[in-house]
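Quick notes on the structure that follows.
Both backbone and side-chain heavy atoms feed into the values below; hydrogens, waters and symmetry mates do not. Proteins come first, then strands; the chains are lettered A, B, ... in the order of their sequence lines, and each starts at number 1.
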2 protein chains.
Amino acid sequence: MVNHKTSTLGFALLGLIWQAPRSGYDLRKFFSSTPMISFSDSPGVIYPALRRLEQSGLIQSAEGSGRRGRKMFEVTSRGRAEFRRWQTQPVMQQDLVRNLDALMLRFAFMDQFAEKGAALRFLKSFQKELAAYIPNLRKYLKSNRDHMPRSGRLALESGIQAYETHLRWTRGAVATYRQAKGES
Amino acid sequence: MVNHKTSTLGFALLGLIWQAPRSGYDLRKFFSSTPMISFSDSPGVIYPALRRLEQSGLIQSAEGSGRRGRKMFEVTSRGRAEFRRWQTQPVMQQDLVRNLDALMLRFAFMDQFAEKGAALRFLKSFQKELAAYIPNLRKYLKSNRDHMPRSGRLALESGIQAYETHLRWTRGAVATYRQAKGES
DNA sequence: TAGTCCATGTAAGATGTTACATGATTCA
DNA sequence: TGAATCATGTAACATCTTACATGGACTA
């Protein structure tokens with residue numbers, strides 16, 4: 001068994017297969033027809049990624065798979081453990097800057113696959129990193145705005161606004177979870 | 001001369017070198033110390049990318065480059081033409097979904113390198129694609145919200161909010177340009 | 001029976017990640 | 001002189017992009 005380091009795409013596939021056993025074709029169609037369109041639905045991406053997940057022992061093809069010609073995959077217990085490990089890592093500043101999409105993917109599957117409380121911990125951790133990072137951007141803008149071209153300044157402001165929107169979102173999300181807790 | 005298809009990183013380098021001749025080291029430091037930190041500052045990324053730009057004839061190393069050991073690059077006329085072509089392409093829905101960062105990069109250099117009016121054309125084009133795309137996400141949310149897990153729904157809402165923030169930003173940016181035009 | 005969709009794959013090539021390597025320069 | 005920083009590079013590896021290839025099933 002070869003051990004590949006799972007990519008963001010790999011975790012997306014793993015999460016979807018965990019939701020319900022799926023074939024490569026199902027996954028391609030899912031990507032092309034939902035907001036997960038940000039992932040490529042090309043066969044040259046999906047099938048090799050599935051083979052890697054299988055080689056790493058994170059998924060296996062189910063026997064007696066549906067229609068002839070289809071190969072259905074299901075998640076193994078190793079796959080579930082690996083997914084949870086990835087999903088519940090603390091949020092780092094680097095994730096914010098380089099991999100915001102992966103962060104949201106981790107959160108998207110939180111209710112289904114992580115233990116209770118993981119969603120709130122994630123949100124708090126995300127919030128903390130955002131609150132620490134946004135002032136850096138503001139500082140840079142303040143020091144440099146006068147000798148930045150207008151479009152450069154606007155682009156930076158757009159980035160700041162995007163992070164602020166995420167921060168606002170985390171507050172709403174935390175409230176949603178708190179409320180649900182109170183009701184239960 | 002080999003012709004490589006220039007990547008987003010390549011255009012980032014090209015734009016920065018156009019602003020002022022720079023060495024690989026300068027570029028690495030720029031990435032690591034400004035909001036362009038989203039690009040890798042690793043030498044294993046920067047130096048090969050510079051070689052590719054040079055091989056494609058988009059940059060050349062300047063003679064008598066500064067301190068001993070440094071190689072300063074400057075943009076060629078082919079490089080300028082290629083940058084402008086990339087920068088002034090119309091915005092496609094695919095750019096929105098897969099390459100939002102590249103879009104903002106294109107805009108960031110607009111005032112410096114594109115002809116007058118290009119910034120406004122870009123903003124209008126961006127606006128149009130955003131206005132066309134956001135309703136798709138809303139529709140998906142509306143049809144699926146009842147059988148989505150809470151965290152999945154929240155993640156989708158975060159995506160919608162991010163796009164809406166960009167749309168709001170374009171309106172502010174258009175106003176900025178209009179105002180400057182009126183004043184001039 | 002012809003066209004479309006289902007379904008899986010391979011191959012070439014470019015790019016990015018990470019780690020390693022080397023030597024010059026500056027400054028305490 | 002030793003450490004940090006300047007400065008450029010290579011090499012192994014994994015991944016993604018794009019294009020091509022193949023055959024079965026369905027349906028007008």
Side-chain angles (χ1 to χ4, degrees), chain A residues 2-14 17 21-33 36-56 58-59 61-62 64-73 92 94-95 97-99 101-102, chain B residues 1-14 17 21-33 36-56 58-59 61-62 65-73 92 94-95 97-99 101-102:
Chain A
V2 189
N3 234 316
H4 304 274
K5 216 179 96 190
T6 311
S7 67
T8 303
L9 168 64
F11 284 112
L13 296 170
L14 203 50
I17 293 169
R22 299 179 203 247
S23 68
Y25 193 75
D26 290 338
L27 292 158
R28 290 182 56 208
K29 289 297 132 180
F30 192 87
F31 285 154
S32 64
S33 66
M36 285 183 82
I37 185 85
S38 60
F39 291 97
S40 169
D41 70 336
S42 159
V45 176
I46 306 292
Y47 293 107
L50 287 170
R51 200 184 316 131
R52 287 193 297 272
L53 288 173
E54 197 174 21
Q55 282 173 349
S56 306
L58 307 182
I59 62 174
S61 54
S65 343
R67 263 171 295 179
R68 183 195 138 87
R70 308 181 82 208
K71 196 155 70 181
M72 302 295 282
F73 290 100
M92 317 278 277
Q94 202 185 301
D95 299 319
V97 176
R98 303 284 290 277
N99 235 356
D101 290 349
Chain B
M1 191 171 56
V2 189
N3 235 318
H4 304 274
K5 217 179 96 189
T6 311
S7 67
T8 303
L9 168 63
F11 284 112
L13 295 171
L14 203 49
I17 293 168
R22 297 180 204 246
S23 67
Y25 193 76
D26 290 338
L27 292 158
R28 291 182 56 208
K29 289 297 132 179
F30 192 87
F31 285 154
S32 64
S33 67
M36 285 183 83
I37 185 87
S38 60
F39 291 97
S40 169
D41 69 336
S42 159
V45 176
I46 306 292
Y47 293 106
L50 286 170
R51 200 184 315 132
R52 287 193 298 272
L53 288 173
E54 196 174 21
Q55 282 173 349
S56 306
L58 307 183
I59 62 175
S61 54
S65 340
R67 262 171 296 181
R68 182 193 140 84
R70 308 180 81 208
K71 196 155 71 181
M72 302 293 284
F73 289 101
M92 318 278 278
Q94 203 185 299
D95 298 319
V97 176
R98 303 284 292 275
N99 235 357
D101 290 349

Legend entry - Position toward the 5' end of DNA chain C (nearest nucleotide), B:Ser42 or A:Gly24: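 Closest to the 5' end, via its nearest nucleotide, is A:Gly24.
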
Check this one for me: any side-chain N or O of [X] less than 4.0 Å away from OP1 or OP2 of [N]?
X       : N      : answer
A:Lys29 : C:dA7  : no
A:Tyr25 : C:dC6  : yes
B:Arg51 : D:dG9  : no
A:Ser7  : D:dC16 : yes
B:Arg52 : C:dG16 : yes
A:Lys5  : D:dC13 : no
B:Tyr47 : D:dG9  : no
A:Arg70 : D:dG24 : no

Inset, instruction - Output the single nucleotide from C:dT17, D:dT8, C:dT8 whose closest atom is nearest the side chain of B:Pro43. - result: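 So the nucleotide nearest the side chain must be D:dT8.
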
Legend entry - Residue whose closest nucleotide on DNA chain D lies nearer the 5' end, B:Asp26 versus B:Arg98: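 Comparing both residues, the 5'-ward one is B:Asp26.
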
Legend entry - Which residue lies more 5' along DNA chain D, comparing B:Val45 with A:Thr6 via nearest heavy atoms: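 Per heavy-atom nearest nucleotide, the more 5' residue is B:Val45.
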
If I take atom [atom1] in residue [X] and atom [atom2] in nucleotide [N], what distance separates them, rounded to the nearest angstrom?
X       : N      : atom1 : atom2 : value
B:Phe39 : C:dT17 : CZ    : P     : 11 Å
B:Asn3  : C:dA14 : CG    : C1'   : 14 Å
B:Gln94 : D:dT18 : CD    : P     : 7 Å
B:His4  : C:dG16 : NE2   : P     : 12 Å
B:Leu13 : D:dT8  : CG    : P     : 13 Å
A:Asp41 : C:dG9  : CG    : C1'   : 15 Å
A:Gln55 : C:dG9  : CD    : P     : 12 Å
B:Met72 : D:dA7  : CE    : C1'   : 12 Å

Side chains of [X] and [Y]: does their closest heavy-atom pair fall under 4.5 Å?
X       : Y       : answer
A:Ser23 : A:Met72 : yes
B:Phe39 : B:Thr8  : yes
B:Phe73 : B:Asp26 : no

Legend entry - Closest contact, heavy atoms only, A:Ile37 versus A:Ser32: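 Shortest heavy-atom contact: CD1-O, 3.5 Å.
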
Legend entry - Heavy-atom closest pair, residues B:Arg22 and B:Leu27: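 Minimum heavy-atom contact is CD-CD2, 3.7 Å.
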
Legend entry - End axis versus end axis in the helix from C:dT1-D:dA28 to C:dA28-D:dT1, the angle rounded to 10°, five pairs used at each terminus: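 Computed angle between terminal axes is 20°.
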
Inset, instruction - Please check if the side chain of B:Ser42 supplies one atom and the backbone of B:Gly44 the other of a donor-acceptor pair under 3.5 Å. - result: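 Flag set: sc B:Ser42 to bb B:Gly44 pair under 3.5 Å.
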
Legend entry - Point-to-point distance, once rounded to the nearest 0.5 Å, from CG of B:Leu14 to OG1 of B:Thr6: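 The distance works out to 7.0 Å.
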
Solution key, residues 45-55 of chain B side-chain donor-acceptor pairs under 3.5 Å, sequence neighbours excluded:
residue: B:Gln55; atom: OE1; partner: B:His4; partner atom: NE2; Å: 2.8

